[in-house]
Amino acid sequence: MTDFFHPDRLQKLADLKGLGVLPYPARCPEGRERAAELLADFDARKGQTVTIAGRVMGRRGYGKLAFLDVIDESGRIQACLQKDRLSSADFALLKCMNLGDFVSITGELSTTKVGDPTVFGDGAGDSVGNFTILCKALENPPEKWHGLSDSELRARRRYVDLFSNQEVRNDFLRRSAILRAMKDIFFGHGYHEVETPVLHPIYGGANARPFVTHHNSLDMQLYLRIAPELYLKRLLVGGIERVFEFARVFRNEGLSQRHNPEFTMVEFYQAYSDYRGMVELTEELVVGAARAAGLEQENGKICATFREVEYDLSPPFQRVRYADAFREHVGVDAEDRPALEAKMAEHHVKVGGNGEYHWWKAVNDLFEELVEPELPGPVFVTDYPAAICPLAKPSADNPVWAERFEFFLGGMELANAFSELNDPQLQLQKFEEQVADLDDPEAPNQVDMDYVRALAYGMPPAGGCGIGIDRLIMVLLGKDSIRDVLLFPHMRPEVGLADASGGSDPESKTSGVETPEAPVQ
RNA sequence: GGGGGCAUAACUCAGUUGGUAGAGUAGUUGGCUUUUAACCAAUUUGUCCCAGGUUCAAGUCCUGGUGCCCUCACCA
């Protein structure tokens, strides 16, 4: 369907072919170097012949001379093509080039009259290939000064957002650097990176509504994982003592500035440690991530600015016991039920059902309403009510409390950790209570008996933690919305686009995938 | 799911009281050998988100729908 593409560009494409030039060659001239390295090394490299390659984002033409802004992953560099310095065949290509095309230029690295470092395309006489078009673009790039500004278009066409805005590109490269720094810390502590199933026959490890899917040839219902937790702890049973997984998890809930249906969390488990060890490691990870994000200042302070509030991420972070924070900000003792009932009435908090779980859930609602806003962070809140922690080990001193912490930063819960419950009978009892609880729509639908059996074989005492990566990166990069830290946030299908190619019928394509035995044309 | 806002050219945006659809960028043509948002001259491009309604006349007013953003609820 030709009218999907721009007629102007198709004409240029035809012109190129008329010149006998391939618009999509397979190979780039060898020895291509990146813009940023050439500029960083400019004094030493000046006068040398170099080759650059990238996308043309600017052109200033003078008839017998043209300046091009060429961008690659590292940044921008200027090129200059002159009629009396290039072969006529190469110079003629300028006529067929548009903004957005990929090109390569070979020539002298030098400066212009105003001192701007520039690659001057070289190659007199019959030499060809010192200016080449590497890829002809058939779609117009966005406005050169503003780029894409509509947030929907930016997300839908992230590829355009990325090449038209270096800040955006840098931010996603910073995300990559943050993940790498965190992995380095894990490896430095003797951790192993593992991958566990995404398709779960029973969903668990968190309270959330799952996505449901179906395996055709097994004819069974499966869930996209809401957490990797129960599989990772099976590995502790198996004798792998330190594991982490950067896990994409899926939760079938509403979308918001802080929620995407799929998101990334890192979970990590360490045998012979406990939640106190996880506090230390989590702090190290957050600090390492902040350093990788470039937030360390010359004076050694580490600061992040998120939603116009500055957070000091210089360790150590504050630690506060749940019960202490509760008493301070709610004004009553978390174990004083009569006083709590009055507080709940005052703040319209309702107990959702019978039993300890629902009571403590309501207490925790009070905590979330009255205490969490007072904890901008970074802060570790430790020792949570055991009744709302089905996977955490109760405190030996007072089983009302569990060995659990949550880490808050930027007004969000960024991490959740326990001393992992490894008593198989207690775990089974807690699972059964969850499944029996019909008041909670997010409770697991059945007990994962294989996990209980794994515990029955014996799991060493361990600490485990999960960190919400996307939210951490929001704070570190100062992004208000999770959509700005996800390369491709979830979007509804673009209306009209599927029809644009004209020929294909999405219905028949889908049925072909699902019924491979159907005749193939 | 509730409430509020936005939708005009490939991109960024104007569009008056309801009266022939606009600018800049990009593209095209011509000029120009040191520009860098180059400049000068000419020029092409529209399902004004969709469907109804009011009106002599709707980009503009009304109703419904779609998409996105903000906010609340749920959640990490």
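No experiment lies behind these values; they were computed from the predicted model shown. Naming convention: chains lettered A, B, ... in sequence-line order (proteins, then strands); numbering from 1 in each chain.
Nearest to the side-chain atoms of A:His6 among the listed nucleotides B:U28, B:A10, B:U36 stands B:A10. Nearest nucleotide to the A:Asp116 side chain, out of B:C68, B:U35, B:C11: B:U35. Distance from the side chain of A:Arg157 is smallest to B:C11 among B:C11, B:U35, B:A26. Closest to the side chain of A:Arg60, from the set B:C68, B:A38, B:A26, is B:A38. If you check B:A37, B:U36, B:G67 against the side chain of A:Thr112, the one that comes closest is B:U36. Across B:A10, B:U36, B:A37, the shortest atom-to-atom separation from the side chain of A:Trp145 is found for B:A37.
Remark: A:Glu73 CD is loosely packed, at most 12 non-hydrogen atoms of other residues, nucleotides or ligands lying under 6.0 Å away.
The aromatic ring of A:Tyr62 does not sit over the base of B:U33, since the test of centres under 5.5 Å and planes under 30° is not met.
Among the heavy atoms of the strands, none lies under 4.0 Å from A:Asn416. Across all strands, A:Leu414 comes closer than 4.0 Å to no nucleic acid atom at all (heavy-atom distances). No contact: A:Gly466 has no heavy atom under 4.0 Å from any strand. Residue A:Asp150 is classed as a sugar-phosphate contact, given heavy-atom separations below 4.0 Å to backbone atoms only. Across all strands shown, A:Lys64 has heavy atoms under 4.0 Å from base atoms, whether or not it also approaches the sugar-phosphate. No contact: A:Asn252 has no heavy atom under 4.0 Å from any strand.
Between A:Lys144 and B:G27 there is no side-chain N or O to OP1 or OP2 distance below 4.0 Å. One finds no side-chain N or O of A:Lys83 lying less than 4.0 angstrom from the OP1 or OP2 phosphate oxygen of B:C32. Look at A:Lys12 and you'll find a side-chain N or O under 4.0 angstrom from OP1 or OP2 of B:U28. The side chain of A:Asn140 contributes no N or O atom lying less than 4.0 Å from OP1 or OP2 of B:U45. Applying the 4.0 Å criterion to OP1 and OP2 of B:C69, one finds that A:Arg483 has a side-chain N or O inside that range. Phosphate contact (OP1/OP2 of B:G27, side-chain N/O of A:Arg59, threshold under 4.0 Å): present. Side-chain N/O atoms of A:Gln257 include one lying less than 4.0 angstrom from OP1 or OP2 on B:C70.
Between the P atoms of B:A21 and B:A37, the separation comes to 36 Å (whole Å). For the C1' atom pair drawn from B:A9 and B:G4, the interatomic distance equals 29 Å after rounding to whole Å. Atom name C1', nucleotides B:A7 and B:U17: the rounded distance is 23 Å, in whole Å. Taking atom P on both B:G19 and B:C13, the two are 25 Å apart, rounded to the nearest angstrom. With both ends at atom P, the span from B:U63 to B:G5 equals 12 Å, rounded to whole Å. Remark: the separation of the C1' atoms in B:U25 and B:G65 is 34 Å, to the nearest Å. With both ends at atom P, the span from B:G59 to B:C69 equals 28 Å, rounded to whole Å. The separation of B:U33 from B:U12, taken at their P atoms, amounts to 35 Å, rounded to a whole angstrom.
Between A:Phe211 and A:Phe250, the ring planes lie perpendicular to each other; the angle is over 60°, past the 30° to 60° tilted range.
Per the geometry, CD belonging to A:Glu369 stands 13 Å off P belonging to B:C72, to the nearest Å. In this structure, the CG atom of A:Leu153 is 12 Å from the P atom of B:C68, given to the nearest Å. For the pair A:Glu139 CD and B:A26 P, the computed distance is 17 Å after rounding to whole Å. Between the CG atom of A:Leu255 and the P atom of B:C72 there is a distance of 16 Å, given to the nearest Å. Rounded to whole Å, atom P of B:U45 lies 21 Å from atom CD of A:Glu143. Look at CG on A:Leu65: it is 12 Å from C1' on B:U36, rounded to the nearest Å. We find that CG of A:Asn165 is positioned 15 Å from C1' of B:A37, with the value rounded to whole Å. Distance, A:Arg9 CZ to B:U45 P: 19 Å, rounded to whole Å.
Judged by Watson-Crick or G-U wobble contacts below 3.5 Å, the nucleotide B:C6 has B:G67 as its partner. Shown here, B:G22 forms a base pair with B:C13; the pair counts as Watson-Crick or G-U wobble because both key distances fall under 3.5 Å. When Watson-Crick and G-U wobble pairs are counted only if both distances are under 3.5 Å, B:A58 pairs with no nucleotide at all.
A donor-acceptor pair shorter than 3.5 Å cannot be found between the side chains of A:Asp448 and A:Tyr203. Checking A:Thr112 against A:Thr118 by side-chain atom types alone, no donor-acceptor pair falls below 3.5 Å. Looking only at atom types and distance, the side chain of A:Glu139 has a donor-acceptor partner in the side chain of A:His6 under 3.5 Å away.
Side-chain atoms of A:Arg55 never come within 3.5 Å of backbone atoms of A:Phe102 as a donor-acceptor pair (strictly under, hydrogens ignored).
At least one test fails for A:Arg158 against the ring of A:Phe488: distance under 6.0 Å to the centre or angle within 45° of the axis.
Nearer to the 5' terminus of RNA chain B, by closest-nucleotide assignment, is the contact made by A:Gln78 (compared with the other of A:Gln78 and A:Phe263). Remark on RNA chain B: of its neighbouring residues A:Gly58 and A:Thr118, the 5'-side contact belongs to A:Thr118, judged by nearest-heavy-atom nucleotide.
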inquiry  = For A:Asn364 and A:Tyr384: C-alpha separation, side-chain torsions, deciding distance, then whether side-chain hydrogen bond (donor to acceptor under 3.5 Å, both in side chains) applies.
reply    = CA-CA 9 Å; A:Asn364 198 52; A:Tyr384 273 64; 5.8 Å; no
